[in-house]
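Every number for a ligand or one of its atoms is a count from 1 in the order of the listing.
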Amino acid sequence: MNEIVYLDAAASFLKPEPVIDIQADFLRHHYANAGRGVCARAMAVDDMVRDVRAKVAKFINADANQIVFVSNATDGLNRIAKIITSQTWYKESSVCAVSDLDHHSARMPWHELLKSGKISKIIKCELNKDFNIKIDSVPGVDILVVTAMSNVLGIPQDVSEIVRSARAKNPDVIVIVDATQYVVHKKIDVREWNADFVVFSGHKIGADTGVGVMYIRDSERYEPDKFGGGMVSRIMNDDKWVLQSAPEKWEAGTLPLTQICGLGVALDELEKKRPDLGLIKYLYDELRKNPRIKILTSRESALLTFCVDGMHVLDFGALAGASGICLRVGNMCASWIHQAIGIDGSIRVSVGPWNTKSDADKFISVVNNIVK
Ligand SMILES: Cc1ncc(COP(=O)(O)O)c(C=O)c1O
């Protein structure tokens, strides 16, 4: 069998063995629904969910009741847009700021809301010549979407300063941070960021698909967007009920229990071993030697993105794939940054804790075979 070199961690992490083990063990020996049973097994699942929630909270310096389990970052980002714009106090004259660093999942919900008249305008945060958000120029708006790290350029943005700058212009601005790529490489402190909402996906940090995290700073400010089992404590009559408090009020329906179980272990594993960004520097230094390769990222980036002179990115991806290299090519669901750079797509290499120098060497030799 051909050995695969998996250089696509930014798309989805390979799963650490302890994550696979605990999920298999949970499914085999401990499975039951949470929040619904009084038998010991069901209550043990409640304890597991509570413990993982507490672990996630500690991981980003939040309180446990500020942590909501969602399906993934996209789910969280869409829900947040809906939650904000459906509150009785919300004003449709609100202006939202986004940036060209945003993933489609962070920005498209707001363009949809503009089309339906739920916001009045979208403006863009200015980027500097290196495509980082210009902190002093962050506009004074009602809603601000911040991508903490672009999945194409891989540079951490100074979220605290961006939020400070936005709040200096409008203290009431609601800030949403997409931390999906940032969380892999950097410690998050939501208190320090001072944002209203933060989201990330579990599958990009070693957990399974199907679970993500949505941090909500002030749950009391918002009415829920989803209704059903698990989020209501008492039904009085047809349309009168008492809701659970946060976080349960946000979690109608059965949670992805197996994936939550794996998420707790994934966090432990990530804390033990983050991806070695020395490999990205090494790849950067090596790929720079090939005159047909145009690197779009910096040596300090958390990933490496490039184009090949005279070659379509899909052709490169197919050839690299045929040589056992898994990487990502195309617009990476981040069309706006590609448009800002003036290209249609790019080739992205990203590393996880499993990658070694020998993977990097294999990749370099494949690249040098493809791009002569
Ligand atoms: C920065 C960023 N935000 C959001 C997403 C969406 O993540 P998911 O597909 O897990 O919802 C991604 C996925 O690539 C991403 O890189």
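- Given atom 14 (O) of ligand 1, the protein heavy atom at minimum distance is K204 NZ, 2.7 Å.
- M332 does not count as a contact of ligand 1, since none of its heavy atoms falls under 4.0 Å from the ligand.
- Here S201 has side-chain heavy atoms under 4.0 Å from ligand 1, and that is the only part of it that gets that close.
- Here the side chain of D218 pairs no donor or acceptor atom with the backbone of R221 at under 3.5 angstrom.
- Of all protein heavy atoms, the one closest to atom 15 (C) of ligand 1 is H103 CD2, 3.2 Å.
- Taking distance alone, with nitrogen or oxygen atoms compared against 3.5 Å, T74 approaches ligand 1 more closely than that limit.
- With S165 contributing its side chain and I135 its backbone, the two residues share a donor-acceptor pair below 3.5 Å.
- The N151 neighbourhood of ligand 1 comprises atoms 16 (O), with distances under 4.0 Å to a heavy atom of that residue.
- Two residues are said to be in side-chain contact when any heavy atoms from C-beta on lie closer than 4.5 Å; T180 and N151 fail this criterion.
- With respect to the salt-bridge test (charged N to carboxylate O, under 4.0 angstrom), the residues D172 and R167 do not qualify.
- The aromatic rings of Y182 and W193 sit perpendicular, their planes meeting at an angle over 60°, well past the 30° parallel limit.
- Annotation: side chain of L101 is in contact with side chain of L153 (closest heavy-atom distance under 4.5 Å).
- The N/O atoms of D178, backbone and side chain alike, include one that comes under 3.5 Å of an N/O atom in ligand 1.
- Of the protein's heavy atoms, Q181 NE2, 2.7 Å lies nearest to atom 16 (O) of ligand 1.
- Taking only nitrogen or oxygen atoms, main chain and side chain alike, D75 does not reach within less than 3.5 Å of ligand 1.
- A donor atom on one side chain and an acceptor atom on the other are found under 3.5 Å apart for N132 and Q157.
- Listed by number with element, the atoms of ligand 1 under 4.0 Å from a non-hydrogen atom of A73 are 7 (O), 11 (O).
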